[in-house]
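Have a look at the structure below before the remarks.
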Number of protein chains: 2
Amino acid sequence: MLDQFERVGKAIGDPTRVRILKLLEPEELCVCQITAVLDLAPATVSKHLSLLREAGLLVQRKAGRWVYYRLAGHSPNPYAPAMLTLIRSILGEDDVIAADRRKLNKIKEIPVEALCAGTIPTDEPRLSLTPRIPEL
Amino acid sequence: MLDQFERVGKAIGDPTRVRILKLLEPEELCVCQITAVLDLAPATVSKHLSLLREAGLLVQRKAGRWVYYRLAGHSPNPYAPAMLTLIRSILGEDDVIAADRRKLNKIKEIPVEALCAGTIPTDEPRLSLTPRIPEL
DNA sequence: CATATATTTCGTCATATGACGAAATAACGA
DNA sequence: TCGTTATTTCGTCATATGACGAAATATATG
């Protein structure tokens, strides 16, 4: 059991991965959206997401070439839900987290074709087609 | 704020440090007691304790040559209390933690002079003076 | 003061980790 | 099939980390 907690513990021990968890609180996101917000190499983001998934904190869904991640509801790791609950209750006013969220809002305004072209998930509203590229 | 959570997150990301936190749940302990239970070099234990203290999870008290640590009540780190609460609620049935506790009970039977000679803190019962060395 | 003891700090080592670019894989469309 | 695209895996690098022994520090005693 301790090794299961170790997975969760190590997963949230990195600030980038905490940022990812906070980004995913409101809704599921595509890898390319997370990558754009964090401004890291896709390989790095993929590795972080993989670690979070192995710790039972994230769930993955594929839609064509696109891969979406969301916070885990039920989890094979018994310690993941409690830790996710804790993280939901904190950092609400943090500068870094707030900046990430503002950036995400802008990224979600980008024409899908310019960022992550593909089918819009049915449970999300259709994005604006304004052809402007925001500051990133 | 994220850097404060990072401290707590990294601190509990190591299983040895989680074992220390679980050992300290019932009561304050001396470094030499923790060292004996974990069976690690004193230098290693000291470093772990230092990290936990810097994260605001532990509080230190000196009594002569001896240094005692206990879980922090109030903490300069806003995230420490919630994390300690979470850790108190888990791993109660874990094999490693249970073995540590059994070992600690034996260590507390050792004549003080053989393990950590010195003044018995006034809020602890006087230990048995049976001159036997238990299996460690 | 010298000696003893408990703990902490320092230095070293083996291993882990977060970053990246390159390569591999998965999926799609012509 | 080939070309394109999104993501993942692999390999590399710089740095961090957990372990240890040695040295330094803090404390007590004669």
Could you list, one pair per line, each protein nitrogen or oxygen that sits under 3.5 Å from a nitrogen or oxygen of nucleotides 20-25 of chain D, together with the distance?
| from | atom 1 | to | atom 2 | distance (Å) |
| --- | --- | --- | --- | --- |
| dC20(D) | OP2 | A41(B) | N | 2.9 |
| dC20(D) | OP2 | T44(B) | OG1 | 3.0 |

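To the nearest 0.5 Å, atom CG of residue L104(A) and atom CD1 of residue I34(A) are 9.0 Å apart. Interatomic distance, CG of L57(A) versus CG of L51(A), reported as 10.5 Å (0.5 Å rounding).
Within residues 46-54 of chain A, the residues that have a heavy atom under 4.0 Å from DNA chain D are, in order of number, S46(A). Of the residues in residues 4-20 of chain B, none lies under 4.0 Å from DNA chain C by heavy-atom distance.
Residues forming a side chain to side chain contact (heavy atoms under 4.5 Å, CB included) with T35(B) (at least two apart in sequence, or on another chain): V31(B), P42(B), V45(B). Applying the side chain to side chain contact (heavy atoms under 4.5 Å, CB included) test to T44(A) and every residue at least two apart in sequence or in another chain returns L40(A), A41(A), H48(A). Qualifying ring-ring contact (aromatic ring centres under 6.0 Å, His included) partners for Y69(B), counting only residues two or more places apart in sequence or in other chains: none. Listed by chain and residue number, nothing satisfies the side-chain hydrogen bond (donor to acceptor under 3.5 Å, both in side chains) test with K47(A) (two or more places apart in sequence, or in another chain). For R102(B), there are no side-chain hydrogen bond (donor to acceptor under 3.5 Å, both in side chains) partners, not counting sequence neighbours. By the side-chain hydrogen bond (donor to acceptor under 3.5 Å, both in side chains) test, E25(B) is found to be paired with K22(B), R101(B), residues two or more places apart in sequence or in another chain being considered.
Between K62(A) atom NZ and dT7(D) atom P the separation is 11 Å, expressed in whole Å. Distance Y68(B) OH to dA26(D) C1': 15 Å, rounded to the nearest Å. L58(B) has its CG atom 11 Å from the P atom of dT8(C), to the nearest Å.
At its two ends the helix from dC1(C)-dG30(D) to dA30(C)-dT1(D) runs along axes set 10° apart, each axis drawn from five pairs and the angle rounded to 10°.
Of the possible donor and acceptor atoms, one in the side chain of Q33(B) sits under 3.5 Å from a partner among the backbone N and O of C30(B). For the pair K103(A) (side chain) and V37(A) (backbone), a donor-acceptor distance under 3.5 Å is present.
Distance from the side chain of R65(B) is smallest for dA28(D) among the nucleotides dT7(C), dA28(D), dT8(C).
Phosphate proximity of dT8(D) to Y69(A): present, with a side-chain N or O under 4.0 Å from OP1 or OP2. One finds no side-chain N or O of Q60(B) lying less than 4.0 angstrom from the OP1 or OP2 phosphate oxygen of dT7(C).
Listed by first and then second residue, the salt bridge (charged side-chain N to carboxylate O under 4.0 Å, His left out) pairs involving residues 1-21 of chain A are R19(A)-D100(A) (not counting sequence neighbours). Residue pairs meeting the side chain to side chain donor-acceptor pair (under 3.5 Å) criterion with at least one member in residues 75-97 of chain A, sequence neighbours excluded, do not occur.
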Intermediate values then yes/no, side chain to side chain contact (heavy atoms under 4.5 Å, CB included), R70(B) and E27(B): CA-CA 7 Å; R70(B) 65 180 187 275; E27(B) 63 192 325; over 6 Å; no
